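Shown next, in structure tokens, is the structure this report addresses.
To find a chain, count down the sequence lines: A is the first, B the second, and so on, and within it residues start at 1. Bear in mind that the values here come from a model prediction, so they are computed numbers and not experimental data.
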Number of protein chains: 2
Amino acid sequence: MGIMASVNESSRESSRRGAKRDPDAAKERILQAALAEFSDKGLGGARVDVIARRADVNKRMLYHYFGNKDDLFLAVLEFSYAEIRHAELELNLDDLSPEDGMRRLVTFTYDYFIKAPYFINLLNSENLHQARHLKRSKAILDLHGPVIGMIRDLLRRGVASGVFRADADPIQVFITNASVGYFYFSNIHTLSTIFDRDLMSDTELEARRAHVVDVVMGYLRPA
Amino acid sequence: MGIMASVNESSRESSRRGAKRDPDAAKERILQAALAEFSDKGLGGARVDVIARRADVNKRMLYHYFGNKDDLFLAVLEFSYAEIRHAELELNLDDLSPEDGMRRLVTFTYDYFIKAPYFINLLNSENLHQARHLKRSKAILDLHGPVIGMIRDLLRRGVASGVFRADADPIQVFITNASVGYFYFSNIHTLSTIFDRDLMSDTELEARRAHVVDVVMGYLRPA
DNA sequence: CCTCGAAGTAACTGGTTGGTTACTTATCGC
DNA sequence: GCGATAAGTAACCAACCAGTTACTTCGAGG
């Protein structure tokens, strides 16, 4: 509650002369260290002492800035969600044809999982805990309307020009688009093991990228 | 290693007269309790004491039968993998047309995730730990050839009769089929939260089931 | 009916772990 | 250059946790 209110207001320029004390930088280091540790070990496996050490900060400071382990986890989640949703908004899909727009969205999502593997691990942790952190976050809920709107627009335009099927639901398409990439990466270790292939190799990554585009575009083709 | 060799050989009929001592039943109770606890809390969050209590067994016995926490986790994993792969083999897809066979496989996979939600949680835990248990399991690797073979057969027949596209790869289809259901359920708590809907309601479950069939079949349609 | 191995129990151990306490040091407006 | 406040430190604690030890009880074969 009162935790985020204690954000340092005194040093507006966050990187002044080589200051011995830099609260904003310390907060940032804690957040990044927490992101790495929570991603590597999960919420349950992550150790607060390790986060403090990784951030090169005393544990006391971590508690001072973020409250407790769960609040810190929520802060990491909010940061990660905001990052991907904002990146999506900068895709400018309206400038493209419905088909190109959809291809762009699908490849963006797929490539984002490659670039930000921690995002998958964090979501898996949060779901193991039944989204109990997310449920008390005001910040995140508003982030998702816009991206569904973007998909709805693409679908409408595609239906109007006859290149997309008419019965596609934006939320289903959103979930399916995320699915085909997310599962591949979230389960990459077990899949690589049971199929005895390195699914992280460049050739496999490219093959999957082409496939997920085919899947979404194939589904959207009118009958 | 030598752990599974200590399987009780003395009481072949596993339920004799109300025996005060029944090692096989105890082992089974431990496995089921471990499955529930690992699924609920993840590998890191699971507590050996809780498993012992849930199984109504002394902790010493748990270590006696299963070695240690990691070995127990692997036993649970092997059990879960064997269960789904065996169920798949009983689908008898050869008796159906390629299209009906594929529809059958897709709905089976989807419904399996509803019936066995623990399977998803276990796989997520194993992937968080980079499949390090799976990698030292001989038992599981052989399980996956047959199901890929089933898909390959379906695809061949469908291509031959002109109802499927010719360039579909069996492993990609396997992964995609799993993806569209798995992600929905593994992320059901965060998705339900951000979209403010109960994705576990009957109507939502049915809508998604119809959608995932459409996705796979839509992809496989020839151009 | 006795003996011997397997089944079972309770209490313990050494190392962690999230969170706190008591204290010192730097910063900045005045 | 001073006093108030925020930043920072180290040592600590009570609860916890995977795995072990030392011991008792049961059951079946001889």
Write down the distance between [atom1] ([X]) and [atom2] ([N]), rounded to a whole number of angstrom.
X       : N      : atom1 : atom2 : result
A:Ile51 : C:dT17 : CD1   : P     : 12 Å
A:Tyr65 : C:dG18 : OH    : P     : 21 Å
A:Arg53 : D:dT9  : CZ    : P     : 15 Å
A:Phe66 : C:dG18 : CZ    : C1'   : 17 Å
A:Arg29 : D:dA7  : CZ    : P     : 13 Å
B:Met61 : C:dG8  : CE    : P     : 6 Å

(Q) At 10 degrees resolution, what angle do the end axes of the helix from C:dC1-D:dG30 to C:dC30-D:dG1 form when each is taken over five base pairs? (A) 10°
Test item: side-chain donor near acceptor, [X] and [Y], under 3.5 Å:
X        : Y        : result
A:Arg132 : B:Thr193 : no
B:Ser137 : B:Glu78  : yes
A:Asn124 : A:Tyr182 : yes

Anything under 30° is parallel, anything over 60° is perpendicular, the rest tilted; go ahead and classify [X] against [Y].
X        : Y        : value
A:Tyr184 : A:Tyr110 : tilted
A:Tyr81  : A:His144 : perpendicular
A:His129 : A:His133 : perpendicular

Q) Can B:Lys27 be said to sit on top of B:Phe66's aromatic six-ring, NZ or CZ under 6.0 Å from centre and within 45° of the ring axis? A) yes
Q: Measure the spacing between CZ of A:Arg208 and CG of A:Asp214 and express it to the nearest 0.5 Å.
A: 10.5 Å
Q. Can you give one letter per nucleotide of nucleotides 17-23 of chain D, going 5' to 3': B for a protein heavy atom under 4.0 Å from the base, S for sugar-phosphate only, - for none?
A. SBBBBB-
